[in-house]
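Okay, so here's the structure we're looking at.
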Amino acid sequence: MDSKMVKTRFAPSPTGFLHVGGARTALFNWLFAKKHGGQFVLRIEDTDQVRSTAESAAGILADLQWLGLNWDCGPQPGAAKNEYFQSMRLELYNGYLEKLVKDGRAYEAYETPQQLAAMRMAAEKMKRPFRYRRNMPGRAAPGSGPTVLRFEMPFETITFHDLILGDISVGGDEHDDIIIRKSDGFPTYHFAVVVDDHDMGITHVLRAQEHLMNTPKHLGLYNALAWTPPAHAHMPLVFNMDNTKMSKRDKTKAARVAVAVWVKQGNSADKLSEITGIAAEQLKEFLDKKTDDSRIAAAIGTALGAPLPEIDVQDFRRSGYLSDALLNFIALIGWSPGENREILTREEMLELFSLETIGKTSGRFDRKKLLWMNGEYIRRRGIDELLHDLAAFNVVTQYPIKNAGEAQQRELLAMYQERTGTLAEMAENSRFFFEEPKMDPAAFRKHIESGNSRVVLQQIRDMLALVTNWSRDQLAPVIEKIIELGEKRGSAPQTLRVAVCGGSVSPPLLETLCLLGRDATLARIDAILQSPQSSVS
RNA sequence: GCCCUCAUCGUCUAGAGGCCUAGGACACGGGCUUUUCACGCCUGUAACUGGGGUUCGAAUCCCCAUGAGGGCACCA
């Protein structure tokens, strides 16, 4: 299409985990670049020295890799920071900063944060929005406070064409002179973004709608630097089902609620430190909402057995979603491939993707549909592919299936792919293959204690004990006979199931017994037969 | 408060003036299948925010109202 090669970028700030909203932004940028045979750049925006961490950057790279969103230029995983980290490009920014000052487009300002807050408050009292402008009265004198650099925005209306939303214009009195260099000498986001997008030759800026009002500021900068701005496209946002913005705070909120419920149940808050392994003061700060540390939230969640909502990409990975399913689902929020298509491979997405087919309305993140889609992916997939997905899942989780051999994992996958929504669900439900089952009391009462179930179970045991060659072929006819046993057709297999699995739900008995093996099967039945009448363990 | 954006089933969406008695998917209800749970198959309920225009004709174009969201940081 264009004579210039298309180049897009995803530019997260390394202040936390990669969030699903960010993943969608990355996906759309990736799709757009690939679709046009262009390049996809990954850039780390670490100009906030306080909040940026190396671990966060590493985590974001890992999540992007898990999602299969490979970048053409960007950080090298596992290597030292390179020029795709903004903190490594200070010289570049400083050069342009000087130029703007020389051109009279940028100037120093000396207000302290407190002074600025007071000015804002005063403006608010007069019911007028606060705009910092070079020509306004009451500016702080040189040397009276920290020095920042501000960019003098023009006073004219700025209009631009958004590739998704159409023409957007913002009046001249809406602008204010944004800070472009902080008092610590680092550029602000607004400045670094413009310099880098230009320097890296970005042709299309595809980002979330929350950036819409930043665009005039950036355009002002492009103009002052005499650069041609890239095309802009703002995508609709993703919300929770209750219409609140999806954010990491949802997790901390859920954790605090879980603690409140737990304390209400009569538990002492002091014990929390003990079971979570987190220092009491830290916990207190967290509960008083002084920090939003998601690691503390996660620890509370596991300690209290309270599931926290999945928000970050790695949450979904731990919950057993396949990266392809997550990607597919995320793509469909705000984008429609048309033709009533829904389940799409990456190749199909590439074929159908275009900015014109991205909608304008924000969408809600419907976990039920994601769960369905994930199940759909699991069912459609071959065992080899699933084995890969399971391996990636096992890296970040600790279920017993993690230690199973490949052959065993294959059998479990085959057994569960028709009946599980997530890998985590499978990992949880298949526990009884690896460890002694926890007996479900209700199932025990219903299928072991009632009527002549124990007598039937003894008959089953005797029948199974005769099977010496424990194989599918040998077992199949025995199971057929078991089905006919008992007072009610179908009650005997349930008795066997409960005895062996600890509950009334499992994959088909034939497969289950085969995988479990003769010894374990008979041992579990014996344990039940020997257990005292009406004892519910 | 000011500025910007958006508006079709509960949810994601199709729809670019007549093809719309508004299509698909999830969820939900009913049924079939069935050794449990699922899967699968059949089937049902369910929407153009309101009011004005424009037009022979509007979910589609315009205006207003309402609602929802975003932005107004030495955070990105």
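Note that the coordinates shown come from a computational prediction; the quantities given were computed from them, not determined experimentally. By convention in this document, chain letters (A, B, ...) are assigned in the order of the sequence lines, proteins followed by strands, and residues within each chain are numbered from 1.
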Would you indicate, yes or no, if [N] has its OP1 or OP2 atom less than 4.0 angstrom from a side-chain nitrogen or oxygen of [X]?
| X | N | answer |
| --- | --- | --- |
| Lys245(A) | G71(B) | yes |
| Thr15(A) | C75(B) | no |
| Arg131(A) | A73(B) | no |
| Arg128(A) | G1(B) | no |

Could you label the plane-to-plane angle of the His218(A) and Tyr189(A) rings as parallel, tilted or perpendicular, counting under 30° as parallel and over 60° as perpendicular? perpendicular
In whole Å, what separates the [atom1] atom of [N] from that of [M]?
| N | M | atom1 | result |
| --- | --- | --- | --- |
| A7(B) | C63(B) | C1' | 16 Å |
| A58(B) | C32(B) | P | 46 Å |
| G70(B) | C19(B) | C1' | 38 Å |
| G40(B) | C62(B) | P | 43 Å |
| C9(B) | C28(B) | C1' | 12 Å |
| A47(B) | G24(B) | P | 14 Å |
| C6(B) | G10(B) | P | 23 Å |

Considering only heavy atoms from C-beta outward, does the side chain of His175(A) approach that of Phe155(A) to under 4.5 Å? no
Any strand is fair game: report the nucleotide pairing with G44(B) by Watson-Crick or G-U wobble, both distances under 3.5 Å, or none. C28(B)
Going by purine N1 to pyrimidine N3 plus the second Watson-Crick contact, or the G-U wobble pair, all under 3.5 Å, which nucleotide sits opposite U66(B)? A7(B)
Which nucleotide, [options], lies nearest any side-chain atom of [X]?
| X | options | answer |
| --- | --- | --- |
| Asp48(A) | U36(B), C74(B), A76(B) | A76(B) |
| Val148(A) | U35(B), C74(B), G69(B) | C74(B) |
| Lys360(A) | A76(B), C2(B), C6(B) | C6(B) |
| Glu45(A) | G70(B), A76(B), C3(B) | A76(B) |

Applying the ring-ring contact (aromatic ring centres under 6.0 Å, His included) test to Phe329(A), which of Phe365(A), Trp335(A), Tyr321(A) qualifies? Phe365(A)
Filtered N/O pairs between nucleotides 26-31 of chain B and protein, under 3.5 Å:
| from | atom 1 | to | atom 2 | distance (Å) |
| --- | --- | --- | --- | --- |
| C26(B) | O2' | Lys369(A) | N | 3.4 |

With sequence neighbours excluded, what pairs up with His198(A) under the ring pair (Phe, Tyr, Trp, His ring centres under 6.0 Å) test? Trp227(A)
The answer to which of Lys182(A) and Asp167(A) contacts RNA chain B further toward the 5' end, by nearest nucleotide, is Asp167(A)
side-chain contact (heavy atoms from CB on, under 4.5 Å) with Arg249(A): which residues, sequence neighbours excluded? Ser247(A), Thr252(A), Asp292(A)
Taking only residues two or more places apart in sequence or in another chain, which ones pass side-chain contact (heavy atoms from CB on, under 4.5 Å) with Asp173(A)? none
Protein proximity profile, nucleotides 45-50 of chain B - base contact B, sugar-phosphate-only contact S, no contact -, cut-off 4.0 Å on heavy atoms: ------
Do the two ring centres, one from Phe10(A) and one from Tyr84(A), sit under 6.0 Å apart? no
With a 4.0 Å cut-off on heavy atoms, is [X] in touch with a base, just the backbone sugar-phosphate, or nothing at all?
| X | answer |
| --- | --- |
| Glu124(A) | nothing |
| Pro236(A) | nothing |
| Met241(A) | sugar-phosphate |
| Pro12(A) | nothing |

Spell out yes or no: do the side chain of Ser183(A) and the base of C74(B) have one donor N/O and one acceptor N/O closer than 3.5 Å? yes
Any N or O donor-acceptor pair linking the side chain of Arg419(A) to the base of C37(B) at under 3.5 Å? yes
What parts of residues 205-222 of chain A reach RNA chain B, counting only heavy atoms under 4.0 Å away? Gln209(A), Glu210(A), His211(A), Leu212(A), Met213(A), Asn214(A)
Residues within residues 152-163 of chain A bordering RNA chain B, heavy-atom distance below 4.0 Å: none
Among all residues two or more places apart in sequence or in another chain, which pass the salt bridge (Lys or Arg N to Asp or Glu O under 4.0 Å) test with [X]?
| X | value |
| --- | --- |
| Arg120(A) | none |
| Asp176(A) | none |
| Asp162(A) | none |
| Lys360(A) | none |

Take atom [atom1] of [X] and atom [atom2] of [N], then tell me their distance rounded to the nearest Å.
| X | N | atom1 | atom2 | answer |
| --- | --- | --- | --- | --- |
| Gln494(A) | A38(B) | CD | P | 12 Å |
| Glu425(A) | A38(B) | CD | C1' | 9 Å |
| Asn243(A) | A7(B) | CG | C1' | 12 Å |

Which residue pairs pass the side-chain hydrogen bond (donor to acceptor under 3.5 Å, both in side chains) test with at least one member in residues 412-424 of chain A, sequence neighbours excluded? none
